[in-house]
Each structure stands twice: as C-alpha cells, then as structure tokens.
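One structure below.
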Amino acid sequence: RHYGESELSRCAGCDELIFSKKYTKAEDQFWHLKHFCCFECDCVLADSSYVMENSKPVCVPCYTKKYAQCCQACQNAIAPDAQHVSFGNFSWHASPSCFRCSGCGCSLCGERFLPHQTMLFCSVTCKKSLVS
Ligand SMILES: [Zn+2]
Ligand SMILES: [Zn+2]
Ligand SMILES: [Zn+2]
Ligand SMILES: [Zn+2]
C-alpha cells in the first residue's frame, strides 16, 4: 500500500517529508524537531518558548541578550512576554516602578502622560518642574 504525500507533513526547515511521529508545529508549519531551532544559538525549540524576530525563531535567552528592548527607567531588558509600554523608540516595563512620572514619581500605567525625550510626566506642572 502506498501512502500519499498528503498523510505526511513537510518540514518547513529542510523541505523533506517528516516520517517521525515527533515533530513541531509552529508558525502554521511543520518542522522536524531539530529543524525548528534558535536562529542564534541553534538550540532546539520544541517545547520551549521562542520569539519570532524578523521571521526567524529565536530562543528567549538569545532574544533577551540580543534583541530585547531595554526599559528606559531601570535599564533592564524587557522580556518578550512582559507587559510593556512603547512610545516612539523607547520602551518601559508596564509597572508602577518603571512607567512613572519623572517629576513626582506617580505611576502612569493606564494614565495619560506627557512624553519628553526619555522622560514621562503626569502633568504640565511636573514637566515644567524639570524641563524649562
Ligand atoms: Zn527538517
Ligand atoms: Zn538561542
Ligand atoms: Zn523597567
Ligand atoms: Zn507627576
């Protein structure tokens, strides 16, 4: 009996049919376990989390090292699954200790804010106190 190609999936990495019962489905495509790996360090990504960066899968440690945005407030990398706020080229952790007024320090999470370069302000009054 001949098995048609339709019963097997084709690996999006090497373009060969996948005969193994173990494979990865990611980004709406099928992959041999070892063909879905981090673009940076080649670690196998099956069962671990990854981030698509320029259509290439990258493991979370590599992402954090090479691609993650740094929080303007605490200067730490923002994890790919972390809540964050971006404005222009800048990003902040969406936490009261990072995303807050540069003047009075009040949390700006979910609030209106006035950006000035890398600073954020809750009000014109706070902005005037630091920026002339
Ligand atoms: Zn493959
Ligand atoms: Zn990696
Ligand atoms: Zn931060
Ligand atoms: Zn303020």
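Order of appearance sets the numbers: ligands from 1, and atoms from 1 within every ligand. Residues take their numbers from the sequence shown, with the count starting at 1.
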If the plane angle is over 60° it's perpendicular, under 30° parallel, otherwise tilted; pick one for F30 and Y23.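 If you compare the ring of F30 with that of Y23, the planes turn out perpendicular.
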Give me the ring orientation class for F113 and F99: parallel if the planes are under 30° apart, tilted from 30 to 60°, perpendicular past 60°.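 Answer is perpendicular, since the angle exceeds 60°.
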Does F90 CZ have over 12 foreign heavy atoms under 6.0 Å away?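 Result for CZ/F90: enclosed.
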Run through the protein N/O/S atoms less than 2.8 Å from the Zn ion (ligand 2) and write them out by chain and number. C38 SG, C41 SG, C59 SG, C62 SG
Closer than 2.8 Å to the Zn ion (ligand 3), how many protein N/O/S atoms do you count? 4
Cluster check V85, L108: I/L/V/M/F/W/Y, side chain < 4.5 angstrom: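 Linked, V85 and L108 end up in one cluster.
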Only counting residues at least two apart or in another chain, list the ones meeting ring pair (Phe, Tyr, Trp, His ring centres under 6.0 Å) with Y63. none
Given the options S107, C101, S102, C122 meets side chain to side chain contact (heavy atoms under 4.5 Å, CB included) only with C101
[X] side chain near [Y] side chain, heavy-atom distance below 4.5 Å:
X	Y	value
H116	K127	yes
F121	L130	yes
Y67	V51	no
P57	M52	yes
I78	H93	yes

Strictly under 2.8 Å of the Zn ion (ligand 4): which protein N/O/S atoms qualify? C101 SG, C104 SG, C122 SG, C126 SG
For G13, does its backbone N or O pair with a side-chain atom of W31 as donor and acceptor, under 3.5 Å? no
Minimum heavy-atom separation for L33 and A46, please, with both atom names. CD2-CB, 3.5 Å
